[in-house]
There are 2 protein chains.
Amino acid sequence: MKLQYNVPDISITVDCVIFGFDTSKLQILLIKRASDPEKGKWALPGGFMEKHETAEESAERVLSQLTGVTDVYMDQLKVFAAVDRHPIERVITVPFYALVKPENYRLNPSSYASDAYWCDIDRLPILAFDHDEIINAALDALKRDVRLKPIGFELLPEKFTMKDLQDFFEAVLEEKLDRRNFRRKIKGAKILVKLNEVRKGAHKDAILYKFDSKTYRTISKNTFYILF
Amino acid sequence: MKLQYNVPDISITVDCVIFGFDTSKLQILLIKRASDPEKGKWALPGGFMEKHETAEESAERVLSQLTGVTDVYMDQLKVFAAVDRHPIERVITVPFYALVKPENYRLNPSSYASDAYWCDIDRLPILAFDHDEIINAALDALKRDVRLKPIGFELLPEKFTMKDLQDFFEAVLEEKLDRRNFRRKIKGAKILVKLNEVRKGAHKDAILYKFDSKTYRTISKNTFYILF
DNA sequence: TTTTTATTGTGTCAAATATACACAATAAAA
DNA sequence: TTTTATTGTGTATATTTGACACAATAAAAA
């Protein structure tokens, strides 16, 4: 029999703030809870951490069950551990935020979720538990990280225009950026490769770019990489 | 009887990386473990999270039991949850780093620690569990935060010289800074009040400063405050 | 008592970076 | 063919950064 010198009485979950980016807007993937407590309320995808899993593995399981996506950018946030955050048990949760490219996902609500949808960040419904606070923490983390790491490319499609990229920064930072200064800065950072393709639209064609994966590796190693 | 729909089998602890700053060096408070597992090894102060406590409250309890200090700057790091990080049980830990002014502490090793001492950051002994990794994560967080928040003042005594402050930045950032440019930058940030006092030393007197608590509040609200 | 030595304190110039800003080219729709 | 909305580009100015040298001081050594 296994020696157990402490009797745990606190459960541990993971919750995932899964960001998407579509039509110039940040979105979050929400599920409708299929069971009590808070049955029928919208909530973040999550689940109990299992004994054989690390926190990251739990979060990856939650994410892949729901979206079929693996191998995405994830980052852990500070735990939420208010004593009364769960109405029945003592539960602390390890929150993650994840960045999913729109071209990759196909939704797959499973047993614990009766429904799932991508919700615009500025139209969030009332959420279960303290999930609104977790989302705010994830937004703060995203706002911080977008300056320090080239994470825009985890969220945009493979080919994108300068405007797409600028829209992404503006959506995350919640501020307008000057178009010419933006382009100069991005070009100076040497993180883009100009493609011989354009996107046709209602007006002048827009040049398509992709991300330069060689510089990505260089930059990712650097602790600081401040764009804005 | 209380409804319990999940049987938890993972224990939760908190661990504290308690930073001090003395004679121009960053220090960490280590304890010697008084009980198994890893009895006799040096380790971070920590303890099981209790059911009635938040993570912060647990960390404050650990800190005040050991040092008698309350009301210090603390910040939570990412959890450590490797499956085999603890030899007996499944334990995940919520790490914190704390900043303690040297004038405040008086060590108080209690039941779980047979000894405690302030260890220079560049002379760490072999540590129990994964505590060396936790310390590295804390150092990274400190390096990041020192640029974004005026935390130097949580670690320095109330009155200090420009050199003290520069030593602190250099110790945390692990790089040399130009003295004249450093002073210009600090003065520009308007976070210091010049006192009518000097510290006498082996050479020219050094002017003493204290931190301007009014600007502290303003700065702390800002998300970004980059000094270096 | 004089000289040496290590430390504090200060300013300027050049380079890099950030900000503010206007107009021509294009392609679809009117 | 005219209108309209969008893409793409450069310059001038202000701000910030980085490099750098010398006088004042106080103790210690000569």
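Bear in mind the structure is a predicted one, so any value in this text is a computation, not a measurement. So that the names make sense, note that chain A is the first sequence line, chain B the second, and so on, each numbered from 1.
Separating the CD1 atom of A:Ile226 from the P atom of C:dA18 is a distance of 10 Å, rounded to the nearest angstrom. The distance from atom CD1 of A:Ile186 to atom C1' of C:dT17 is 16 Å, rounded to the nearest whole Å. Rounded to whole Å, atom P of C:dA18 lies 18 Å from atom CZ of A:Arg183.
A:Gly201 comes within contact range of the sugar-phosphate backbone alone, with a heavy-atom separation under 4.0 Å but no base atom that close. Backbone-only contact: A:Asp205 has heavy atoms under 4.0 Å from sugar-phosphate atoms and none from a base.
Protein chain A contacts DNA chain D over a range whose 5' and 3' limits, counting nucleotides with an atom under 4.0 angstrom from a non-hydrogen atom, are D:dA5 to D:dT11.
Projected onto DNA chain D by closest heavy-atom contact, A:Tyr209 and B:Leu227 fall at different nucleotides, the more 5' of which corresponds to A:Tyr209. Position along DNA chain D of the nearest nucleotide to B:Arg179 versus B:Lys185 favours B:Lys185 as the more 5'-ward residue. Each of B:Ala202 and B:Leu208 was assigned the nucleotide of DNA chain C with the nearest heavy atom; the assignment lying further toward the 5' end belongs to B:Ala202. Nearest-nucleotide positions on DNA chain C for B:Thr161 and B:Asn181 put B:Thr161 closer to the 5' end.
Base-pair partner of D:dT17: C:dA14 (Watson-Crick or G-U wobble, both distances under 3.5 Å). Using Watson-Crick or G-U wobble geometry with both donor-acceptor distances under 3.5 Å, C:dA27 finds its partner in D:dT4.
With contacts defined as side-chain heavy-atom distances shorter than 4.5 Å, the pair A:Lys101/A:Leu155 does not qualify.
By the side chain to side chain donor-acceptor pair (under 3.5 Å) test, A:Arg147 pairs with no residue at all, sequence neighbours left out.
The aromatic ring centroids of B:Phe211 and B:Phe160 lie 6.0 Å or more from each other. Aromatic ring centroids of B:Phe153 and B:Tyr216 lie 6.0 Å or more apart.
In this structure, the side chain of A:Asp178 engages the main chain of A:Asn181 through a donor-acceptor pair within 3.5 Å. Of the possible polar contacts, none joining the B:Asp130 side chain to the B:Glu133 backbone as a donor-acceptor pair under 3.5 Å is found.
Note: B:Tyr97 and B:Phe19 have perpendicular aromatic rings, judged against thresholds of 30 and 60 degrees for the angle between ring planes.
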